[in-house]
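Take a look at the following structure, please.
Computed over heavy atoms, backbone and side chain alike; hydrogens, waters and symmetry mates excluded. One-based numbering, in listed order, for ligands and for the atoms of each. Throughout, numbering of the chain's residues begins at 1 and tracks the sequence. Since the structure is predicted, the reported quantities are computational estimates derived from the model, not experimental observations.
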Amino acid sequence: MFALDTDDFAHIVREYDLAPFRLKQIREWIFGKYADDFRQMTNLPGALRTELAARYQVTESRIAAHRKTRDGTVKLLVRYPDGAAVEAVLMEYRNWTSACLSTQVGCAMGCTFCATGPLGFVRNLSWPELAEELWHCHWFAARHGLKPLRNMVLMGIGEPLANLDNVVKLVETASSPEFFNMGQRRIAISTVGLIPEIYKLARCKLAITLAVSLHAPNDALRNKLMPVTARYPLQDLLDACRNYTVMTGRRITFEYLLIDGVNDSSEHARELADLLKGFNCLVNLIQLNRVPGTAWRPSTRTDVFKKELEQRGINVTVRRSLGAEIDAACGQLRRGTLQA
Ligand code: SF4
């Protein structure tokens with residue numbers, strides 16, 4: 001990504017003998033106006049614009065395809081120079097647009113309800129690649145008249161905390177006034193619950209929301225739905241979450257995907273309320289979106305389950321499901337459903 005890394009830019013400054021303020025000007029064009037061509041940068045000298053356009057690109061990746069639903073949700077296929085591709089989703093709300101980004105090409109976690117799991121893991125996205133994915137979302141929202149992109153959730157393909165260093169750099173870039181200038185409180189990161197990485201993230205003291213996928217009130221059921229969690233017992237996970245809140249002052253969100261006849265009974269609600277008793281947290285109930293090839297069906301008990309938790313003093317919200325029509329809803333992203 002051009003002008004992302006000041007050190008990388010230094011050799012261009014030397015080669016063209018640029019004044020220091022030129023980097024600021026270029027960044028304003030790229031990250032303020034989402035200019036995708038140096039020739040648009042009208043306050044740069046004409047010869048410099050022509051030279052940069054001949055030798056560099058603003059991004060190395062590109063939007064290879066996109067699809068839009070009737071509810072306004074857009075799915076983008078972002079393709080990198082090595083051929084790897086990930087999907088990002090733009091969801092429009094009342095006054096803003098939220099971008100859901102992928103953090104890895106494929107995923108190694110193998111969650112049984114997810115379209116990505118069976119496809120396996122290919123590689124991590126680097127920090128500049130993540131920044132490009134976010135940039136494409138901003139570019140698309142600006143060029144296609146969507147509401148301003150203000151929120152970012154890392155809940156697409158991949159386990160963000162398995163790519164922690166790059167994800168932390170992305171959050172710092174996204175929130176920097178020099179780049180995307182998004183408030184950290186408008187950024188959420190999801191995890192299946194990788195305990196060592198939750199402790200590491202806590203030490204970074206970011207103001208983001210950490211969304212931990214619970215999906216079950218006990219280890220046996222949780223391990224069945226998300227096999228990787230066998231290494232991370234629930235009580236140890238809750239300790240890591242408590243530490244996260246102490247270190248950052250941020251309340252944890254626990255994600256709970258409601259699956260018909262699997263984890264949505266009154267007994268499950270009681271067990272979940274007992275587990276989280278006295279914990280300063282929010283439970284976010286999610287409607288399962290059907291994924292072909294999986295046996296799970298959406299629960300019909302969402303409202304009842306919500307009431308059962310609330311009666312036991314748990315803070316609960318229900319996530320609005322957008323984008324199911326184009327397989328852009330939670331758990332439905334996968335490599336290659338959009339064709340370039
Ligand atoms: S739900 Fe997330 S962590 Fe689990 S397999 Fe799918 S992409 Fe990976």
Check against side-chain contact (heavy atoms from CB on, under 4.5 Å), Cys137 and Leu101:
CA-CA 9 Å; Cys137 290; Leu101 265 57; 4.0 Å; yes
How does Cys111 reach ligand 1, by side chain, by backbone, by both or by neither, if only non-hydrogen atoms under 4.0 Å count?
both
Ligand 1 atoms nearer than 4.0 angstrom to some heavy atom of Val192 are 3 (S)
Strictly under 2.8 Å, is atom 6 (Fe) of ligand 1 approached by any N, O or S atom of Cys114?
yes
Determine yes or no for a side-chain-to-main-chain donor-acceptor pair under 3.5 angstrom, with Gln287 supplying the side chain and Leu258 the backbone.
no
Output yes when a side-chain donor or acceptor of Glu129 lies under 3.5 Å from a complementary backbone atom of Ser126, and no otherwise.
yes
Taking Val283's backbone N and O only, do any of them form a donor-acceptor pair with Asn315's side chain (distance below 3.5 Å, no angle check)?
no
